[in-house]
Structures are given as C-alpha cells and as structure tokens.
K.L.:
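Let me give you the structure first, and then I'll get to my questions.
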2 protein chains.
Amino acid sequence: MFVRITTDSTLRPNTLRDLGMASHSNALVSLSEFSYRKGSEIYGEKEPAEYVYQVKSGAVRSYKLLSDGRRQIGAFHLVGDIFGLENGSEHRFTTEAIVDTTVRLIKRQSLENVAESDAMVARNLLSMTTNNLQHAEDHMLLLGRKTSLERVAAFLLEMDKRLTAAGVMALPMSRRDIADYLGLTLETVSRALSRLHEFGVLGFIGNTQRQIVLLDRDQLASLDLQP
Amino acid sequence: MFVRITTDSTLRPNTLRDLGMASHSNALVSLSEFSYRKGSEIYGEKEPAEYVYQVKSGAVRSYKLLSDGRRQIGAFHLVGDIFGLENGSEHRFTTEAIVDTTVRLIKRQSLENVAESDAMVARNLLSMTTNNLQHAEDHMLLLGRKTSLERVAAFLLEMDKRLTAAGVMALPMSRRDIADYLGLTLETVSRALSRLHEFGVLGFIGNTQRQIVLLDRDQLASLDLQP
DNA sequence: CGAGCCATTGAAAGAAGTCAATACAAGTGG
DNA sequence: CCACTTGTATTGACTTCTTTCAATGGCTCG
C-alpha cells in the first residue's frame, strides 16, 4: 500500500528543528520518507506507536470509530504538521492519507533517547502535546455547543489560516470528511456552505467544489463567535 | 471569596510525588491550601497561570463559554486530581468549585524550575498532559457522534470508575453541569436518567437525586459502545 | 465515454431543544 | 421550628434543527 521513496539517513536539520532539536545536537536520528496513496491507512488505532510523522506533501485525517461505523475525525494534518506523537506506546487514532501523501518519519525511540538528555527537545515535545491538547479543547466546545453554521464557519476560518495560498483555499478533504470533523452529516455541511455562498461570504472557484475564496472573513468570524 | 487555611511550607512528599517528583529531590516548592465555597471561581480563562492545583476535598468543573452564554464543561476534577497545569502562561478554562472545595496549590514557576533539571519530573509533566489530551480526544468522539443515551451512559461509567464508594455514586454536580459536560440540555439528561431507571440499569438512593447505584454495568457498557 | 464517486437539493422523519407546569429539597429568616 | 423563598429535578407538550432518505447532476478517472 505504500512506496518507500528514500533510504534511511542521518540528521536533517530541517526536520529535527521542527521537533525542537538543537542544531548542535550530536545525536543520530534515523529518517526516512514514505508515500501513501489517497485513502490508504498510515497506522491504525491501538497499533504500537513506532514512528512519529511529518507531512511533507498531501494531507492526513486522524479519526476514531464507534463499533457501528460512526466516525469522528479529531484533526487534519497538513503540510509541515507533525502527527502520531504518542506518549504511551499505542496510537490513539487511525490515520489515513486524504490525498496522495508523502511523510517523513522518525523513530519514536530515538526521539525519546534524545529527549532524555536534551531538555530543550523535551520541552518542545511537551509544547507540541500542549498544542494538540489546546486544539482538542477548542474542538470540544465546537462539538458540544455550536450550531451547524457556526461549526462550518469555524472550520473555514481554521483552514483559511492553515492552507490558503493566493487567496484561494484548496480543500483536500471531502464533504464527508468535513462532516465527520464537525460532528455533522455531509448534507448539513453542504447546506451550510450553500447558505454561506448565498450570504456572499464565500465563492467557489473553477469547476471543483473544493476551491473556496473567502469574501468576508469578518462576517465569518461573527458567525463563529469564539469568546 | 476564599479562605486561606494553611501557610506556605516546604516539600510535602505526598503532593509532589503525585507530580512525579522523585522523593530525593532537594528542591523547595512552596505549597499552600485554599478553600473555595460552592460556586466560586478558582481562576478564569485567559488569566495568567500562576499555580497548579490539586483537589484535596470537594469537586471542580472547568469550562469554556461562548459569548452568548453557552457553556462547555471540559472536565470535572475530583479528589486527588491535578488541574490548572498549562504549558503556556494563560489558563485555557475557567474553573469553579462545584461544592465547597479545598485545594493544594503549587507555584507553577517552581515546578518548571524543578522540571528543568529533573528529567523524571519533566517526563511526568508530559505524561499528565498526555492524559488530559487522551480524555479530550475521547470526549470529542462522545460530543461529535454519540446519542444522548450513550453520552449519559458513558458519563455514569466514568463517574463510577472515579468516585464510587460502597457501591453508591454520590454525584457532586447538578443536572445542568452534567448536561454542559455532555453537550446536552438538563432536560435531556434527566430524561435519559429516567429511562435508565426504567430499564433497571440504575437506582436512586435516599431523598436526593444525586446518589445513584449502578445495577447493571454490563448493560450500561453496551449502551456506551466505545470500540 | 461510461462507471462510480462526490456534491447539491428537496421532502419527510426523528432526536434533542424549548417552554412550561409541578414537585421536591435545601436554605433563610422570623 | 416552621413558613417562605430559592434552587433543582422531573415530566409533558410543542418546536426546531439536524438527520435520513431520495433524486439529480457534475466531476474524475479508468
């Protein structure tokens, strides 16, 4: 299901700096790259967490399932994002490539070894975990208390911040993915987007329905209402 | 609004061990106790995070508000629980005493100082944050994808694990608190509890409506359906 | 170019929310 | 200690929002 692209190598400043590795660190960390085709699984819930991942290109969804198939996506991982960092030994989500995706991977064990001696790395591991926690906390508020329109507005603002290039937001994920992220059905998401389109808050570009331009971020923000 | 009970003192093995402090640590950490009356605020969202707290007696809710007053409770903190541990400098929730509550408090700065030199403490800070993250991740699934009955069943099982003594669960929080934790209204929570009562899954004890006996944990677990 | 996926839209059903009445418990003050 | 007020919980009737079911059309990709 995946294709190995490069071989193991030693420390690459760019990646390790993202994990908080001081550039003077003398540790060797094994690095490789893998590519996953659209829809394929990167790892499953409950699997041993052997690697930590960074998205080099593409996009990833991580989710939990109930026994009857209901799905909750906890996060989308876009280019540059690190995911799969668990403290325990098991992954707590299943992750899949949303589109064709290439990731860098780092052996978890080697990262822990470095963290043991390098307080800076340890602090950054904590800081990354805290960022994930903060995202989850905000998402609980959205899932527990916001209306469908508010959820979709919040989603658009989040994606706008994370992946807008040249004023256009090219969403990699389907309406179903968005719905499972927001705790809605895909129909409700579609209706909310249509309403926002009617309101003149956003426009669709070209032939696809996944290229969106935000025309009125202020109105969108007022629909979201964070405080 | 609060009453100072004891004065600062030096290291107390019991509390610090909970934070992962090795008992041989020679650091001095200032400790005190405070009591909060039912309903009073311990700290507010966006306030500087000066202290970390541990519940000595009582119970605490931590929540976020939307501008129009909708409330999402992210967690309940019961006896022994540590809360208020932020990585950034600000609290991300408001916390209030649900009933009269006494907490121990530790200066955040002193904890960070210790973590800097003691890898064991640093690891346990990370582990506590990871536990919070895991709870939030599970709660996202509940809020995004579970029905009202499933949510209430999950809540009862969680509380059963955390505070049942002598077979009876004495809930400190109101129906409204439960509702705001589960993303429901208090009426829906009340109806779900009534249904579970009809089903013979639980019984109410005495005159109050907050003492609950679980009569059929298996049936409750089948209503929850985690996998 | 055709099969299958994806998105939109409409109509109907359903789950939870809102409004309201009642009852009970707990706290207050005479 | 009792009357009264206030807060909390339950229950019913009705409304609303979201879901479900269904039909249609547009893309995409073999």
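These numbers come from the heavy atoms of this one structure, side chains and all, not from hydrogens, waters or symmetry mates. By convention in this document, chain letters (A, B, ...) are assigned in the order of the sequence lines, proteins followed by strands, and residues within each chain are numbered from 1.
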K.L.:
Whether the Tyr181(B) and Glu158(B) side chains hold a donor-acceptor pair (N or O, under 3.5 Å, no angle test) is what I'd like checked.
P.N.:
yes
K.L.:
Nearest to the Thr147(B) side chain among dA9(D), dA16(C), dT18(C), which nucleotide is it?
P.N.:
dA16(C)
K.L.:
What's the CD1-C1' distance between Ile205(B) and dA9(D), to the nearest Å?
P.N.:
17 Å
K.L.:
Applying the side-chain hydrogen bond (donor to acceptor under 3.5 Å, both in side chains) criterion to Gln54(A), which one of Glu33(A), His77(A), Arg104(A) satisfies it?
P.N.:
Arg104(A)
K.L.:
With Lys64(B) as the cation and Phe93(B) as the aromatic partner, state whether NZ or CZ is under 6.0 Å from the six-membered ring centre and within 45° of the axis.
P.N.:
yes
K.L.:
Considering only side-chain heavy atoms of Arg191(A), which listed nucleotide, dA16(C), dA7(C), dG10(C), is closest?
P.N.:
dG10(C)
K.L.:
Atom CG of Leu193(A) to atom P of dA7(C): distance rounded to whole Å?
P.N.:
10 Å
K.L.:
Would you say a side-chain N or O of Ser148(B) is under 4.0 Å from OP1 or OP2 of dA15(C)?
P.N.:
no
K.L.:
Closest to the Arg175(A) side chain: dT10(D), dT28(D), dT8(C)?
P.N.:
dT8(C)
K.L.:
Using whole Å, what does the distance between atom P of nucleotide dC6(C) and atom CZ of Arg210(A) come to?
P.N.:
7 Å
K.L.:
Using a 6.0 Å distance limit plus a 45 degree cone around the ring axis, check whether Arg71(B) lies over the aromatic ring of Tyr63(B).
P.N.:
yes
K.L.:
Using whole Å, report how far CZ of Phe204(B) lies from P of dT8(D).
P.N.:
17 Å
K.L.:
What is the nucleic acid contact for Gly183(B), judged by heavy atoms within less than 4.0 Å: base, sugar-phosphate only, or nothing?
P.N.:
sugar-phosphate
K.L.:
Any idea which of dT9(C), dT19(D), dC6(C) is nearest the Ser194(A) side chain?
P.N.:
dT9(C)
K.L.:
Whole Å only: how far is the CZ atom of Arg145(B) from the C1' atom of dT20(D)?
P.N.:
13 Å
K.L.:
Whole Å only: how far is the CZ atom of Arg195(B) from the P atom of dA15(C)?
P.N.:
9 Å
K.L.:
Need one value for Thr188(A): base, sugar-phosphate or nothing, where a base atom within 4.0 Å counts as base even if backbone is also close, heavy atoms only.
P.N.:
base
K.L.:
Counting the atoms with a prime plus P, OP1 and OP2 as sugar-phosphate, which does Leu184(A) contact under 4.0 Å by heavy atoms, base, sugar-phosphate, or nothing?
P.N.:
sugar-phosphate
K.L.:
When you compare the side chains of Thr130(B) and Ser127(B), does any donor N or O come within less than 3.5 Å of an acceptor on the partner?
P.N.:
no
K.L.:
Rounded to whole Å, please give me the gap between CG in Leu186(B) and C1' in dG7(D).
P.N.:
12 Å
K.L.:
Measure CG/Leu196(B) against P/dA9(D) and give the value in whole Å, please.
P.N.:
16 Å
K.L.:
Could you say whether Arg176(B) or Leu149(A) is positioned toward the 5' end of DNA chain D, judged by the nucleotide with the nearest heavy atom to each?
P.N.:
Arg176(B)
K.L.:
Please tell me which of the listed nucleotides, dT8(C), dA20(C), dC6(C), lies nearest to the side chain of Glu187(B)?
P.N.:
dA20(C)
